[in-house]
Amino acid sequence: MAATTVWQPRDDGLAEIFTLLEQQISPSSAVDKSQIWKQLEHFSQFPDFNNYLVFILVRAEGKPIGIRQAAGLLLKNNLKRVWISMAQENQKYIKSELLPCLGAVDRHIRTTVGTIISEVVNIEGVSGWLELLPALVSCLDSNDLNHMDGAMDALSKICEDIPQVLDSEVPGLAERPINIFLPRLYQFFQSPHASLRKLALGCVNQYVIIMPAALYNSMDKYLQGLFVLANDPVAEVRKLVCAAFVHLTEVLPSSIEPHLRNVMEYMLQVNKDPDEEVALEACEFWSAYCDAQLPTENLKEFLPRLIPVLLSNMAYADDDESLLDAEEDESQPDRDQDLKPRFHTSRLHGSEDFDDDDDDSFNVWNLRKCSAAAIDVLSNVFGDEILPALMPLIQAKLSASGDEAWKEREAAVLTLGAIAEGCFNGLYPLLSEANDKFPLIRSISCWTLSRFGKYLIQEIGNPKGYEQFEKVLMGLLRRLLDSNKRVQEAACSAFATVEEDAAEELVPHLEVILQHLMCAFGKYQRRNLRIVYDAIGTLADSVREELNKPAYLEILMPPLVAKWQQLSNSDKDLFPLLECFTSISQALGVGFAPFAQPVFQRCMDIIQLQLLAKVDPASAGAQYDREFIVCSLDLLSGLAEGLGSGIESLISPSNLRDLLLKCCMDEASDVRQSAFALMGDLARVYPAYLQPRMVEFLEIASQQLSANLIRENLSVANNACWAIGELAVKVRQEVSPIVTNVASSLGLILQHGEAVNKSLVENSAITLGRLAWIRPDLVAPHMEHFMKPWCLALSMVRDDIEKEDAFRGLCAVVKVNPSGGVSSLVFICKAIASWHEIRSEDVNNEVSQVLNGYKQLLGNSWAECLSALEPPVKERLARYV
């Protein structure tokens with residue numbers, strides 16, 4: 001039998017790829033990187049291209065390390081895409097070349113090999129590469145530093161990316177791989193080489209969360225190793241020790257209970273570590289301890305020593321980036337790069353349970369913030385009991401005079417805000433505004449005042465509480481007019497928080513609030529102006545129609561209208577103003593009528609300009625930016641909601657209907673989301689306007705419900721579903737052509753409710769009910785498929801007119817097809833019992849008829865059905881049967 005020939009590269013191919021890689025990593029700007037990338041992409045069509053890459057990585061000794069590494073990283077990215085479809089002999093060749101290179105002399109080559117090995121294991125597990133585990137074990141046991149380091153690096157990447165792969169049964173192995181590696185990892189805890197200690201501990205730490213039997217059964221060995229490493233000279237190792245104790249406290253607190261005092265002493269000690277990252281990891285322990293509900297008496301004993309450490313760590317570090325530009329005066333104009341990206345949230349109808357990904361890029365977690373969070377948690381656990389240990393320190397820091405002590409004073413004000421929730425009763429008599437010459441003290445005092453606002457509102461009924469609330473309110477309003485930009489920003493954000501908490505309690509103070517806000521509006525630069533818009537919008541949302549008084553509108557509207565006229569249709573500073581007007585129009589209702597015409601026309605002009613810019617930016621004189629369309633559609637929705645049927649005179653002569661239809665078909669999900677929200681709002685107040693293109697609106701809306709419901713489409717489906725329901729109750733039989741398809745889509749959404757979200761489930765249940773009410777004959781034949789999830793969803797809907805409509809539909813389909821509901825009768829009963837009170841007499845009668853109908857239909861089996869229900873459900877059903 002002939003020996004298998006080993007793959008060999010062609011010299012010309014090798015040279016060509018080598019040259020391309022050399023150019024790719026070249027810092028020279030003369031090289032066209034996109035062209036090189038295209039050529040590499042072209043080469044990747046050849047079946048053995050990845051063999052060349054592994055050859056360059058592993059065997060091109062004497063060549064620059066950077067080029068060999070580039071080959072390895074390109075190989076890793078290629079394998080993600082092509083490994084499964086790759087010829088078996090090429091897979092074998094790549095694997096056979098990688099393993100001997102685990103012990104390469106150059107660390108860059110070793111770590112690149114480890115990355116590729118981890119990628120292959122990620123794709124096919126360890127069972128697809130039987131030679132890997134013995135090779136890793138052999139390297140770990142070799143006593144050769146390069147081999148041990150290479151194997152440990154590969155292992156650490158596998159543990160980090162796919163830890164479960166080592167805690168699984170592998171055909172041909174007597175035990176799980178984790179059982180083979182764990183004893184060796186423990187041994188490396190005592191290695192004289194810091195890199196091996198760090199990698200070994202990092203590997204084991206990855207398993208705390210999933211806690212395999214091998215780790216659980218050797219917990220004493222793990223803890224023993226942690227105590228050995230606790231005072232390691234290398235900061236990264238100490239950081240991993242702290243992380244291990246924090247994870248164990250979160251996942252398996254019982255494991256550290258026998259050693260609790262020692263662990264707490266250690267964490268207290270490293271909370272003062274000169275390395276800030278170690279101290280930060282240690283600081284996480286105190287919150288984890290409280291969350292794990294470990295004995296509070298142990299912690300209480302530590303408070304007199306712990307609190308000073310936390311307070312000390314709450315002072316700004318010298319290199320904290322918050323100190324940059326802290327002194328910037330309001331007279332300095334903002335540059336474009338000073339403006340943080342803003343994110344408009346498209347209008348959504350229903351429960352606000354969509355998880356918006358907060359943009360944390362401006363909010364770096366550090367020791368100062370972690371210490372404040374720990375003090376916050378401790379204050380919630382111990383309440384006013386921590387004040388005797390805390391207040392003397394706070395008082396001493398507050399009274400520290402002189403410029404050099406400003407960070408101490410600032411940390412004291414931060415501490416007061418951090419403990420506001422837990423120690424409100426003991427603290428609120430001490431509240432006062434910090435009027436310090438240092439801007440960061442004035443800005444943190446705004447946050448602290450806002451933290452107390454929520455609790456002061458609860459005390460507003462007594463004179464002392466009202467007086468304190470006024471003090472907080474006036475303190476923040478004064479700070480709005482500070483000359484420092486950072487303080488303005490903090491005051492405005494803090495005031496917006498108080499507005500949300502106080503709501504109607506702000507009404508007696510509206511005039512003075514508006515005077516301060518509009519004064520700030522007149523003096524702020526562009527960046528902080530955005531926050532004023534937000535504060536004005538939040539005020540409108542909080543006090544609603546109370547804002548609709550001539551005296552208030554005279555203060556509020558002229559500056560906003562002047563700014564509105566000053567900005568061009570393609571100026572991005574319009575975005576926050578459009579949002580602000582949306583809130584004002586909803587709050588004022590018909591009171592917004594005097595301002596409605598120019599606002600409406602401006603929105604129309606913006607949408608038309610952007611739709612033109614999308615296809616022909618040159619003739620539009622603007623670059624396309626869909627956020628203009630989204631904000632304008634949302635403002636039109638606000639007008640419809642505020643003006644009600646009064647919007648008729650605005651939209652009748654316009655081409656809004658055609659523009660809206662275009663937006664409903666836009667490829668961008670946020671544009672469609674806002675378009676369907678406006679469609680629903682128009683359906684509520686002026687459905688006749690949609691009439692000429694009703695069939696198209698309904699058809700496009702129904703398509704959204706059968707679309708691929710990935711995250712960005714959920715909100716679109718939610719609004720389209722709501723809009724169909726709103727149209728259905730207004731135009732009745734005209735929705736007939738889409739009823740069967742929509743009911744089928746909604747049934748599927750309800751059946752897979754756990755894969756979507758609360759808002760879409762609720763809207764689906766309501767719209768299905770509205771369609772069933774209008775065309776029970778079309779919905780009833782399919783009711784068995786979705787009756788159970790439909791009833792479960794209706795049980796979660798709050799009592800209102802929409803729920804009444806849905807129950808009209810439920811009762812209608814049951815009357816048409818009573819046998820279709822028998823198998824779900826328990827769920828029908830629970831849905832009916834979810835009502836606190838049915839106010840509509842006709843719905844009350846319909847529900848009663850349905851239950852009595854089933855009682856007659858089932859005869860003796862009715863009692864059996866009732867026995868499956870909880871007593872409170874039976875009690876509520878007794879009202880109807």
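We use all heavy atoms of the structure for the numbers below, so side chains are in, but hydrogens, waters and symmetry mates are not.
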Legend entry - Modelled atom types, side-chain donor and acceptor of Q269 and N231, under 3.5 Å: yes
Legend entry - Carboxylate-amine/guanidinium contact D167 R176, below 4.0 Å: yes
Legend entry - Side-chain donor-acceptor pair present, E124, W83, cut-off under 3.5 Å: yes
Inset, instruction - Could you tell me whether the side chain of H247 reaches within less than 4.5 Å of the side chain of F245, counting heavy atoms only? - result: no
Inset, instruction - Evaluate whether atom CD of E277 has more than 12 neighbouring non-hydrogen atoms of other residues, nucleotides or ligands under 6.0 angstrom away. - result: no
Legend entry - Side-chain (Y266) to main-chain (A230) donor-acceptor, under 3.5 angstrom: yes
Legend entry - Expected output: side-chain S399 to main-chain Q395 donor-acceptor under 3.5 Å: yes
Legend entry - Heavy-atom neighbours of E175 CD exceed 12 at 6.0 Å: yes
Inset, instruction - With sequence neighbours excluded, tell me which residues meet side-chain contact (heavy atoms from CB on, under 4.5 Å) with L240. - result: K198, L201, N205
Legend entry - Nearest heavy atoms of I178 and A214, plus distance in Å: CG2-CB, 4.0 Å
Inset, instruction - Determine yes or no for a side-chain-to-main-chain donor-acceptor pair under 3.5 angstrom, with R451 supplying the side chain and A418 the backbone. - result: yes
Legend entry - Taking every non-hydrogen atom, the tightest pair across R409 and A400: NH1-O, 2.9 Å
Legend entry - Minimum-distance pair of heavy atoms, taken over all atoms of D149 and S195: OD1-OG, 3.6 Å
Legend entry - N/O donor-acceptor pair under 3.5 Å between S371 side chain and L367 backbone: yes
Inset, instruction - Go through D153 and R110 one step at a time and tell me if the salt bridge (charged side-chain N to carboxylate O under 4.0 Å, His left out) criterion holds. - result: CA-CA 8 Å; D153 180 79; R110 294 200 299 272; over 6 Å; no
Inset, instruction - Find out whether T249 and I256 are in side-chain contact, i.e. whether some heavy atom of one side chain is under 4.5 Å from a heavy atom of the other. - result: yes
Legend entry - Any donor-acceptor N/O pair, S443 side chain to L440 backbone, under 3.5 Å: yes
Inset, instruction - Please work out which of the three classes, parallel, tilted or perpendicular, describes the rings of Y222 and F189, given edges at 30° and 60°. - result: tilted
Legend entry - Of all pairs that satisfy side chain to side chain donor-acceptor pair (under 3.5 Å), the ones with a partner from residues 491-501, not counting sequence neighbours: none
Legend entry - Min side-chain heavy-atom separation K157-T111 under 4.5 Å: yes
Legend entry - Cation-pi, F181 ring and R184 (6.0 angstrom, 45 degrees): no
Inset, instruction - Take atom CD of E250 as the centre, draw a 6.0 Å sphere, and report whether it contains more than 12 heavy atoms from other residues, nucleotides or ligands. - result: yes
Legend entry - Cationic tip of R368 above Y316 ring, under 6.0 Å, 45° of axis: yes
Inset, instruction - Measure from the ring center of H259 to the ring center of F227 and say whether it is less than 6.0 Å. - result: yes
Legend entry - Short N-O contact, D273 and R238, less than 4.0 angstrom: yes
Legend entry - Heavy atoms from other residues, nucleotides or ligands near NZ of K95 exceed 12 (cutoff 6.0 Å): yes
